[in-house]
K.L.:
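Next up is a structure, given as C-alpha cells.
Residue numbering restarts at 1 for every chain, and letters A, B, ... go by the order of the sequence lines. Just so it is clear, the structure is predicted and the values come from calculations on it, not from any experiment.
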Amino acid sequence: MSKPIEHDYIGLSEQQLPSMEKSSDAGNKKNGLHLKATELRLGLPGSESPEREDHDHKLLSLKSFVSGAKRGFSDTLNGGGKWVFGGGNGGGSEGLFSPRSGSSNGGNGLSGSDSGVGGPVLKDEAAQKPVVGQEKKPQVAGGSGHGNGNIAPVSNRAQVVGWPPIRSFRKNTMASHPPKNDDDAEAKLGSGCLYVKVSMDGAPYLRKVDLKFYGSYKELSSALEKMFSCFTIGQCGSHGVPSRDGLSESRLIDLLHGSEYVLTYEDKDGDWMLVGDVPWEMFTDSCKRLRIMKSSEAIGLAPRAMEKCKNRT
Amino acid sequence: MESSEVNMSRDSSELDESARGSSSPDLALERVLSLLKSHRDRSSVSLVCKDWYNAERWSRTHVFIGNCYSVSPEIVARRFPKIRSVTLKGKPRFSDFNLVPQNWGADIHPWLVVFAAKYPFLEELRLKRMTISDESLEFLAVSFPNFKALSLLSCDGFSTDGLAIIATHCKNLTELDIQENGIDDKGGSWLSCFPESFTSLEALNFANLTSDINFDALERLVGRCKSMRVLKVNRSISLEQLQRLLVNALQLAELGTGSFSQELTFRQYEELESTLSSSKNIHTLSGLWEAKGLHLPALYPVCTHLTFLSLSYAPLQSGELAKLLAHCPQLRRLWVLDTVEDEGLEAVGSSCPLLEELRVFPADPFDEDIIHGVTEAGFVAVSYGCPRLHYVLYFCRQMTNAAVATIVQNCPDFTHFRLCIMDPGQPDYLTNEPMDEAFGAVVKTCTKLQRLSVSGLLTDLTFEYIGRYAKNLETLSVAFAGSSDWGMQCVLTGCPKLRKLEIRDCPFGNAALLSGLDKYESMRSLWMSACHVTMDGCRQLAREMPRLNVEVMKEDGSDDSEADKVYVYRSIAGPRRDAPPFVLTL
C-alpha cells in the first residue's frame with residue numbers, strides 16, 4: 001500500500017516536528033541534525049537519492065492528495081533547496097524555519113491563530129518520540145488552512161489532509177499537551193506489594209501492612225484502626241471533633257481515647273515525618289516504616305497535630 | 001367550511017388565538033400536537049392533510065434545520081409563526097477535518113435578521129458548523145429580549161468579545177454552551193461581564209476556551225445562580241478553585257472540571273474529596289485535563305452515580321482507568337483516550353456492564369512510531385462485558401475481520417458503528433485480506449444500524465453488503481475504499497433510509513454519481529471529494545435534477561474537468577446567493 005503524501009492544512013503538531021531531530025543522536029540535537037542532514041544527502045528536488053525519486057513518484061501518482069495544500073507544496077518546490085535542512089548550513093535552516101517559527105501548524109491554539117510550534121524544531125527541545133527508523137524522506141511542507149500560507153515541516157509519515165478524521169480542536173489540544181508516558185506510574189502499578197512494619201507505642205508487638213493494598217490515607221487509616229483497636233482503652237470518644245473521612249491522625253487521636261497519638265513514618269532519608277502531608281503516591285514511595293507514637297513523644301510534630309485538632313473543633 | 005375559513009385567515013401571521021374561535025376543532029388538534037416534540041413526528045403529522053398541516057405549523061415551537069441551505073429563513077418564518085427555539089446546522093461534516101475552505105458560508109446573520117422581525121420572542125439558538133460573527137452575536141443580544149439559550153458547536157467566526165456582549169445584555173440567559181469552536185480567544189474577561197444581578201444561568205460550558213478567566217467573578221456567578229445544573233470550566237481552573245466552586249453548587253448534575261493535576265496539600269485534597277462526596281447529583285463528568293492517577297480517588301464518591309464519563313482529554317494509563325472504573329458501575333457512556341490500551345478496555349468490559357456508548361480517541365494520531373493505542377483485542381473485550389453497547393467510535397491501528405464478527409455477535413444492537421483504522425487502506429493484519437467481511441458482519445447482524453463509518457482496505461463487496469443489508473442506515477462515511485462505481489451504486493440503490501452520504505478519496509466516478517438521481521431528493525446531502533467525478537458528470541446531475549443544488553469546489557491547479565469536491569443537497573430555497581467564488585453552483 002502506497003502511503004499518501006503529507007499535505008496537512010492543520011499541519012503538524014509537535015509530534016511531527018521532532019521527527020526531524022529524531023534521526024540525530026541523543027546528544028546535541030542541533031549538531032546531530034546537521035550531521036544527519038549531510039549524511040543523508042538531502043538535496044534539491046530531482047537529486048539522485050532513492051528516497052527522493054520514490055517521493056516524486058508518489059507525488060505524481062497521488063495527485064489528489066496533493067490538492068490539500070498545493071500552496072505550501074509548490075512553495076517548497078519552487079524554493080529549491082531552501083526547504084531542506086540547509087545541508088550543514090545552520091544559517092540556511094534557521095532562515096527557512098525561523099520566519100515560520102511563530103506561525104501556525106494548524107494552530108496549537110484553539111482558534112487556529114498563530115501560536116507557533118515551528119520554534120522548537122531548531123532548539124534542543126526534548127523530542128518526545130523515540131528515534132525513528134533510518135529512512136528519512138525529504139521534508140515537504142504543508143500549508144496552513146487558515147489562508148496565511150504558513151509552512152510546517154512534515155514527518156516521515158506521509159499524511160493526508162483531514163485524516164484520521166479528528167476535529168481540529170482535539171488535534172490542536174492534544175498536540176500542545178501531548179500525553180506523557182508516565183513510566184513511573186506504570187512501574188509502580190506492576191511492582192506488587194510493599195510491606196512496612198507498623199509499631200505502636202505501648203503495644204507488645206508490631207504489625208505489617210502492605211501499602212500497595214491501599215489507595216489512600218483514608219483506607220490506610222481505617223486498616224490501622226482495625227489493627228490496633230485492641231490496644232485502645234475505651235470507646236471511640238466524641239471530642240467534638242466532627243467525624244471525618246480524611247485525616248488519619250485525628251481519627252487515631254479520637255479513637256485512642258484520651259491520649260493523643262500521632263501517626264508518623266520513617267522516610268527514605270531516615271527522617272520521621274508526620275503522615276498525611278504529601279500525596280499518597282509520594283508517601284508510599286518514600287515510607288519505610290510506620291509508627292503510631294504518643295504525641296507527648298512526638299516533640300516538634302505533636303504541637304502541630306494538636307493545633308490541627310483544635311482548629312477543627 | 002369553518003376550518004377552511006380559519007385556514008385562509010391564517011395567511012396573516014399576526015392572527016392570534018382568539019380570532020380562530022375557541023370551539024375550532026383545529027385548536028383542539030393544536031393542543032394535542034403541541035405535545036409532540038420530535039421533529040420527525042411533526043413532519044409526518046403535517047403530511048396527513050391540510051388541516052393537520054396547519055394545526056401542526058401553529059403549534060410548533062422548535063424548528064430543526066439540518067442543512068441551512070435547504071430552506072430560507074423567510075420560508076421558515078412563513079410556515080412556522082410561533083417558533084421560540086431554532087437548531088441550525090451549516091457546513092458539511094467534513095469541514096471539521098479541514099476539507100472545506102474558509103469563508104464557505106453558513107452565515108447565521110441573514111437568519112437572525114429574519115428572526116428579529118418574525119420571532120422577536122426567540123429564546124433558543126443552537127448552531128452546529130455555522131459561521132457567526134461578533135456583530136451577529138451583538139445583534140442577537142439586543143434583538144431578542146427573551147433570549148435564553150445559546151449553544152455553539154464547531155462554529156467559527158467569533159471571538160470572546162462576542163461572548164462578552166451576550167453576557168452583558170442577555171438578562172434571561174439560562175444556557176451558554178461554547179463547544180469546540182474556532183473561536184478567537186482574546187482573553188477571559190467576558191465572564192466578568194455577567195452583571196451582579198444576573199442569576200438565571202443553568203448551564204455554562206466554556207471548557208474549550210483557553211484563556212484564564214477571573215475566578216472571583218466565576219465564583220460569585222456560580223454562587224448566585226442557584227439553578228445551575230451544568231458547569232463545565234476550562235483548563236485554567238485549578239483543583240483548589242474547583243472545590244471552591246463546587247461547595248456552592250452541590251446541586252450540579254453535570255460537571256466539567258478544569259485541570260486535574262495541581263499539587264495539593266493533603267488538607268486541600270481532603271476538602272476536595274469531601275466536597276465531591278456531597279455532590280450527590282452529578283451524573284456527567286468531563287474535563288479532567290491532565291488527570292493523574294494521584295487525584296482520581298477523590299472522584300470515587302461521584303463515580304458511584306455517574307452515567308457519563310468523558311476522559312477524552314485525560315491521558316490515563318490502563319491501571320489508572322481500571323481503578324477508576326471499578327467505582328463506576330452505573331456508567332452508560334464512556335469516552336477515553338487510547339492511552340488506556342487494551343488492558344484499560346478490558347477493565348471497561350469487566351466494570352461497566354451497563355455501558356451503551358464507548359468512544360476511544362487517539363492520543364497521538366499522527367505518530368507512526370507510537371506502538372501503543374488500542375487494538376482489536378480491546379474492542380472485543382468490551383463487547384464481551386458490555387452487551388448493551390450500541391454506539392461506538394473506535395480509533396485503532398489494527399483490526400481483523402474475525403474480531404469485528406465476534407464484536408457484533410456479542411453486541412447485535414449497534415445503532416452507530418464508527419470504526420477508524422488509522423492507516424488508510426489497511427487490510428486485516430492477520431490474514432491480509434480486505435476488511436469487507438468485518439463490515440459485512442456488522443450490517444448483517446446489526447439490523448438497527450443507523451450510522452456507519454468504514455475504514456481499512458475495502459472492495460466493492462463491502463458496499464454490496466451495505467446495500468443489501470443495511471436497511472435502516474441513515475448516515476454513511478467512506479474514505480479510501482471501494483474498487484469501482486459499482487460499490488457506490490449498491491449503496492445508492494440499496495439503502496432506503498439513507499440521508500447523508502459522505503465520501504472521500506474513493507474510485508467512484510460519474511456513473512456512480514448519476515446512479516443516485518432518484519435518491520438525492522430523499523437525502524439531506526451527498527459529499528464526494530477526491531473521487532473520479534468530473535465537471536461534466538456534475539453538470540448532468542444538475543441538469544436532470546433541478547431541485548438539487550449541485551456545488552463544486554475546485555482546487556487550485558487541478559484539471560479543469562475534475563470536480564474536486566462535490567456537495568449535493570436538496571433545497572427549496574434554490575441555489576445559494578451567498579456562494580463564495582470558489583463554490584460553483586451548476
Side-chain angles (χ1 to χ4, degrees), chain A residues 1 4 8-10 12-13 15-16 22 63-65 67-68 70-71 74 106 109-113 129-130 132 145-147 155-157 159-171 173-174 177-180 182 185-186 189 215-218 244-247 276-281, chain B residues 94 96-99 101-102 154 180-185 208-210 263-267 269-270 273-274 277 289-290 292-294 297 312-313 315 317 319-320 323 337 339 361-370 395 420 422-426 457 477 479 504-505 530 555-558 564:
Chain A
M1 175 199 75
D8 193 354
Y9 276 128
I10 276 301
L12 315 162
S13 47
Q15 278 81 37
Q16 282 76 50
K22 272 184 230 176
K63 201 155 54 121
S64 57
F65 300 122
S67 61
K70 264 303 203 297
R71 214 181 311 130
S74 49
L110 176 57
S111 58
S113 61
K129 309 299 172 286
V132 84
H146 294 281
S155 72
N156 284 3
R157 183 186 190 186
Q159 287 170 29
V160 183
V161 180
W163 188 265
I166 298 162
R167 281 205 188 133
S168 319
F169 173 78
R170 170 170 294 280
K171 255 196 282 205
T173 308
M174 298 314 297
H177 295 264
K180 296 175 188 97
D182 197 346
E186 286 193 28
L189 289 168
S216 67
Y217 285 115
K218 177 174 85 170
R244 303 184 66 105
D245 289 339
L247 195 55
D277 282 338
V278 299
W280 175 256
E281 313 287 66
Chain B
F94 279 173
D96 280 349
F97 318 126
N98 301 326
L99 290 183
Q102 298 273 79
S154 233
E180 302 199 356
N181 297 294
I183 184 176
D184 183 7
D185 193 338
N208 301 143
L209 299 185
T210 46
E263 289 239 341
L264 290 178
T265 67
F266 184 64
R267 171 128 190 209
Y269 177 86
E270 202 202 357
E273 200 181 26
S274 165
S277 310
W289 305 88
E290 298 135 11
K292 294 188 173 58
L294 203 56
S312 64
Y313 293 107
Q317 308 292 317
E320 293 166 323
K323 278 203 266 193
L337 283 172
T339 50
F361 296 96
D364 252 323
F366 301 110
D367 201 319
E368 222 174 32
D369 304 322
I370 293 283
F395 284 86
C420 181
M422 289 194 274
D423 243 343
Q426 186 176 305
L457 179 66
S477 307
R504 61 165 295 179
D505 295 278
E555 302 284 324
D556 296 332
S558 76
D564 306 298

K.L.:
Rounded to the nearest 0.5 Å, how far does CZ of A:Phe169 lie from CG of B:Asn181?
P.N.:
9.5 Å
K.L.:
Side chain from CB out, backbone as N, CA, C, O: work out which of these in B:Phe94 comes under 4.5 Å of a heavy atom of chain A, or both, or neither.
P.N.:
neither
K.L.:
Mind checking the CD1-CE spacing from A:Ile166 to B:Met422? Nearest 0.5 Å is all I need.
P.N.:
6.5 Å
K.L.:
Tell me whether A:Arg170 forms a cation-pi arrangement with B:Tyr313, defined as NZ or CZ under 6.0 Å from the six-membered ring centre and within 45 degrees of its axis.
P.N.:
yes
K.L.:
Check whether B:Arg504 reaches the backbone of A:Gly162 with its side chain - one donor and one acceptor, N or O, closer than 3.5 Å.
P.N.:
yes
K.L.:
Output the distance between atom CD (B:Glu273) and atom OG (A:Ser216), rounded to the nearest 0.5 Å.
P.N.:
6.5 Å
K.L.:
Tell me the closest heavy-atom pair linking B:Phe97 and A:Val161, and the distance in Å.
P.N.:
O-CG1, 4.3 Å
K.L.:
What are the two closest heavy atoms between A:Pro165 and B:Phe395, and how far apart are they?
P.N.:
O-CZ, 3.5 Å
K.L.:
Could you tell me the separation between the CG atom of B:Asn98 and the CH2 atom of A:Trp163, rounded to the nearest 0.5 Å?
P.N.:
14.5 Å
K.L.:
Looking at B:Ser477, B:Pro297, B:Ser312, which one has more heavy-atom pairs under 4.5 Å with chain A than the rest?
P.N.:
B:Ser312
